[in-house]
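So the structure is just underneath, and the comments pick up after that.
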There are 2 protein chains.
Amino acid sequence: MNAICQRPFRQALDRLRASGLRPTRQRLALAKLLFDGCDRHVTAETLHSEASSANIRVSLATVYNTLHQFTEAGLLREIVVDAGRSYFDTNTSEHHHFFNERNGMLADIPGSDVVLTQLPKPPDGMTIRRVDVIVRVDG
Amino acid sequence: MNAICQRPFRQALDRLRASGLRPTRQRLALAKLLFDGCDRHVTAETLHSEASSANIRVSLATVYNTLHQFTEAGLLREIVVDAGRSYFDTNTSEHHHFFNERNGMLADIPGSDVVLTQLPKPPDGMTIRRVDVIVRVDG
DNA sequence: GTGTTTGCAAAGTGTTTGCAATTTA
DNA sequence: TAAATTGCAAACACTTTGCAAACAC
């Protein structure tokens, strides 16, 4: 783990409690993987295999459930860049993404590096829920 | 078909020829559905069932193949808004989208209604291939 | 005729679900 | 103990593929 990104001890547990999610062994372990280091992007598969590597016994179904529960709780943000695969970002603050379709790598764009000067008026009775900017790169 | 959007006769055929795609019965029929009216957003499923309604006999596999061939040929643009479903847009010019997750409706945002003042510098040796802006709406 | 395209059905991928067993409070 | 959570395997939705038959040139 990168010391630069290290976060307060017990943060994983606290986050679960604050979200009203029972701190089960699986959730706690996944939360530690997700939140105890630098911000990161995961898919269900990558998180599941990372857990396996760390000798954490969690089923893939539970990883999916957990990612969605964390997302609903506001601990994660889901990012759609690829039809057929869901990414989740531990950085829930307003920012956008680079996506390299060749290798599936997703990277944050610092908030201030994309400036939307003008937002369009949404159709009829609709309200804007979120604006996603995906900069697709090659190379 | 909306007369306002009507396009030159035989455009479908011309587009296929220009792209080096053999104008088979299926491709021609799909091209007519796609290009002879207003700009539109389709999924493989919606296009397939539209073809069926019009008594055009095309398999779903061929619809998928055709959508990809048209996309490679630059006749369509693929839009990723939803993990697990691919949308295709007949409008290939630079513009962005509203997406309503509740009902899956996709709508163009007129080009000038989203202004990106500043593009981020892509990582290392990468170049920007495209910028997608998706305004997610509710209501 | 020859190479391309199609359709079908099977396989593939990522994700969700039903339910009994387990765990948490 | 009661309610929530887990794991498994089956089901799912969407998409791709292999290959023989049909088609375009």
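All heavy atoms count here, side chains included; hydrogens, waters and symmetry mates do not. From a predicted model like this one, the values you see are computed outputs, not experimental measurements. Chain A is the first sequence line, chain B the second, and so forth, proteins listed ahead of strands; every chain is numbered from 1.
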Practice item. Scan nucleotides 10-25 of chain C nucleotide by nucleotide, 5' to 3', and note B when protein non-hydrogen atoms come under 4.0 Å of the base, S if they reach only the sugar-phosphate, - if neither. Key: ----SBBB------BS
Review point. With Phe88(B), which residues qualify under ring pair (Phe, Tyr, Trp, His ring centres under 6.0 Å), at least two apart?
Key: His68(B)
Check your understanding: To the nearest 10 degrees, how far apart in direction are the end axes of the helix from dG1(C)-dC25(D) to dA25(C)-dT1(D), each fit to five base pairs?
Key -> 30°
Check your understanding: Donor-acceptor pair, Thr43(A) side chain versus Tyr87(A) backbone, under 3.5 Å?
Key -> no
Check your understanding: Between Arg136(B) and Asp82(B), does at least one N-O distance fall below 4.0 Å, as a salt bridge requires?
Key -> no
Practice item. Sequence neighbours left out, what passes side-chain contact (heavy atoms from CB on, under 4.5 Å) with Arg22(A)? Give chain and number order. Key: Thr24(A), Arg27(A)
Check your understanding: How is the hydrophobic cluster of Val131(A) composed, in terms of its other members, when Ile, Leu, Val, Met, Phe, Trp and Tyr link through side-chain heavy atoms under 4.5 Å apart, directly or indirectly?
Key -> Phe98(A), Ile109(A), Val114(A), Leu116(A), Leu119(A), Met126(A), Ile128(A), Val133(A), Val135(A), Val137(A), Phe98(B), Ile109(B), Val114(B), Leu116(B), Leu119(B), Met126(B), Ile128(B), Val131(B), Val133(B), Val135(B), Val137(B)
Check your understanding: How close or far is atom P of dA4(D) from atom CG of Leu16(A), stated in whole angstroms?
Key -> 17 Å
Review point. What is the distance from CD1 of Ile56(A) to C1' of dG7(D), rounded to the nearest Å?
Key: 16 Å
Check your understanding: Should we count CD of Glu94(A) as having more than 12 external heavy atoms under 6.0 Å?
Key -> no
Review point. Roughly, in whole Å, what's the span from CD in Glu72(A) to C1' in dT5(D)?
Key: 15 Å
Check your understanding: Which residues pass the side-chain contact (heavy atoms from CB on, under 4.5 Å) test with Arg57(B), sequence neighbours left out?
Key -> Arg25(B)
Exercise for review: Report yes or no: do Val80(A) and Tyr64(A) belong to one cluster of Ile/Leu/Val/Met/Phe/Trp/Tyr joined by side chain heavy-atom distances under 4.5 Å?
Suggested key: no
